[in-house]
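The shown structure was predicted, so the numbers you read here are calculated from the model rather than taken from an experiment.
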Amino acid sequence: MNNVDPNELVRNFATLKRGDVGLVGGKNSSLGEMIGALGEKGIAVPGGFATTSHAYWYYVDYNDIRDKIASLVTEWQEGKLSLAETGQAVRKLFLRGNWPADAAEAIKKSYRELSERSGVENLSVAVRSSATAEDLPDASFAGQQETYLNIFGEDALLDACRRCYASLFTDRAISYRQTRGFDHMCVALSIGVQRMVRSDLSGSGVMFSIDTESGFDKVVLINAAWGLGENVVQGTVNPDEYQIFKPLLDNPRVTPILQKKRGDKSIKMVYGDKQAPTRNVPTSKAERAAFVLSDTEIMQLARWGCTIEKHYGCPMDMEWAKDGITGELFIVQARPETVHSQQEATVFKSYKVTQKGPVLTTGRSIGVAAVSGRVCLIESAKDIDKFIDGSILVTESTDPDWVPVMKRAVAIVTDQGGRTSHAAIVSRELGLPAVVGTGNATYVLHTGQDVTVSCAEGDQGFVYSGTCDISTETIDLTGLPDVNTKVMLNLADPAAAYRWWRLPSDGIGLARMEFVVSTAIRIHPMALIHPERVKDEAALREIDRLTAGYDSKPDYFVDKLSRGLATLCAAVYPKPAIIRMSDFKTNEYAGLIGGAAFEPKEENPMLGFRGASRYYNPRYREGFALECAAIKRVREDMGLDNAIVMIPFCRTVGEAKKVLDVMAGNGLRRGQNGLQVYVMCEIPSNVILAERFTEHFDGFSIGSNDLTQLTLGIDRDSGELLADLFDEQDAAVKWMISNVIKVARAKGKKIGICGQAPSDHPEFARFLVEAGIDSISVIPDSFVAVKQHVVDGETGGLDAYDVF
């Protein structure tokens, strides 16, 4: 190739389009597309240029190595050479090569022009590989080739470009192409040279336009750490994590940040020198305690993510960086998400883990599966050959060199990394459950140990001791018919809410606030308001630890509760999410941190100081005010106005009035801003005086367990002695249910039921349908079965029977 046109060797990003994958690879063509098409929409992308596939083949042929590469690859495919021998030999061919003079000059000229445009001599640049077959919707080459950061000077740039070419034949890249059926001699490499964002003085990270584990398409996920972004990508740091609700991003009056989780961010990558352009240093205590991004910056990135996704027409995986000098945010990479975009939407598998052993460690769950197996602890990449096939790989973190051994594992557990780390991305692509960012897996686990890795319990992953029982169920949503009776979900755990977004439910019929309090908050609300009343020194220390970083201790309660409830509401938005205010019994409240100082001891807490009676009582009224503040924040500050409040265990009409007055005093006035307030129908008085209760509430939800208990006079916790008599299908209980349904319908009020009976007993579902109930709320595992029971009830699919 002689007298080559420089424009065929190097192209400015601004001249590239997304269709130029064959010329400059997916990464570089995407950068050009964003600069050209999305710059006017406010999305900032650092400028730069790309070498073309012509330049790659020019380099190969100028050094006469094309046939040598092909021969080495063939020998490997025929089993004459090992993968390591082949990769090393091919890389040496590239690294010993020389640049054609005109190619070198074209690169240097483009670098000088980029430096001049930036006003900096010998501009610091990022040098990234972009294979011409990469970043397609069905194939991810993430991390297969090398990236070099903080490169400055023409000679250093040419050397980095040469090393990028060689990285097309790393062992992992060769293996990946072979597995995916790519012809090694038909894939070229483009090199992207991009102005460095001074994120070494600030932070950077990764952003997905969908939830990475469930594929829930209404959230943006952002990971963030201090310094350059390689630590987040490689999984060598536990980053901050933010979740943002996409449907409300266009509303300037709300801030729909559903989750903000602070990572420890123990190290950061900063600039080094010419010999080592980057280096890792420990972060300060202040950096570890702080979030990398402000709410304004989180919202800006999320809006950019949505704009990019809309432009490309598919879920996207993006990298971002913040300049520590100017404070500006930039998108530095964008590529299609390659896992959930390829999955069938109407069929998915659900896992359930029972007979659990002690919890050994926890971290972020990757995937939704669970598996039991034997640990194989590998502390260093040099020991990879010691891995035992079919084991659970436990290590500090992974990088692309680990891919061959990851493929032979049944699960992966790491000390470091978030949901956008290398270990997470590869585990997802391989379909393996992984628990990342445990912080201590290599310390508490050992080779040969039998454990169970569970990612089936929400966004927190667990490693249990021993072999647990694991059951699976394939849920097929195809052909589910429409019904008049709404089928809703009972959801309590925000961490697992997105797992069920594909179910065609009619909303959440019961979200138990106390679950969020006990798992995410753990502290008695009154102990946060009046810590001076807590005499337990250990409890006070734990309260101080958990609330560190908050302006006040009550702020901790409101923040944690509002984010948990908002996540539940988001999972079904804009369909209703009925949130039951706290319904702990006094013994359960006392079990919270600091709770013993505020709770009386009762002989029968089931019938004692619980539900509505607490909300206006001086012993808890301040705590209820925090619950109200959280609901107000969910509806008004976050914008999730599908949240409906429900009052439990409301014994009298007078009590209803008192509760509504207290709520109004805390900014939750029924009817204002569309707020609806329901009441649990679980006490005979709720049925007997149903008409009067309808004057104060917008709907009922039948709590069949308590209603059965109080109608039949049976303590549901009394054990086996009276178990045979506790029957939700008893004629007296059915009479109660049937009559309150009649009153609700006559008064134009909504009425539903939340309980297990419609799941277990098709005839009970038929009874409810025939009685005219508006909705039935069930656990997700029972949804499909109950939907069919409702169909049978509405169409007469079951034999008729005497209701009473």
Are side-chain heavy atoms of Pro256 and Met299 found at a separation under 4.5 Å?
yes
Taking side chain as C-beta onward, heavy atoms only, is Leu249 less than 4.5 Å from Ile244?
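Yes, close enough: below the 4.5 Å cut-off.
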Do Asn223 and Thr420 have a side chain donor and acceptor closer than 3.5 Å?
yes
Do Tyr550 and Asp559 have a side chain donor and acceptor closer than 3.5 Å?
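Yes.
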By salt bridge (charged side-chain N to carboxylate O under 4.0 Å, His left out), which residues pair with Lys260, not counting sequence neighbours?
Asp295
Set of salt bridge (charged side-chain N to carboxylate O under 4.0 Å, His left out) partners for Arg262, sequence neighbours left out
none
Exam field: side chain [X] to backbone [Y], donor-acceptor pair closer than 3.5 Å:
X      : Y      : result
Tyr242 : Leu293 : yes
Ser167 : Thr170 : no
Asn63  : Ile65  : no

Of all the heavy-atom pairs spanning [X] and [Y], show the shortest one and how long it is.
X      : Y      : answer
Val254 : Leu248 : CG2-O, 3.8 Å
Pro277 : Asn150 : O-ND2, 2.9 Å
Pro282 : Arg288 : CB-NH2, 4.2 Å
Val24  : Thr51  : CG1-O, 4.0 Å
Leu189 : Tyr56  : O-CB, 3.3 Å
Ile366 : Glu213 : CA-OE1, 3.1 Å

How about Phe330 and Trp320: are their ring centres within less than 6.0 Å of each other?
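Between Phe330 and Trp320, the centre distance exceeds or equals 6.0 Å.
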Are Trp99 and Tyr165 near enough that their ring centres are under 6.0 Å apart?
yes
In this structure, which one of Lys261, Gln259, Arg419 forms a side chain to side chain donor-acceptor pair (under 3.5 Å) with Asp459?
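The option that passes is Lys261.
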Holding to side-chain hydrogen bond (donor to acceptor under 3.5 Å, both in side chains), I want the full list of residues that pass it with Arg303, two or more places apart in sequence or in another chain.
none
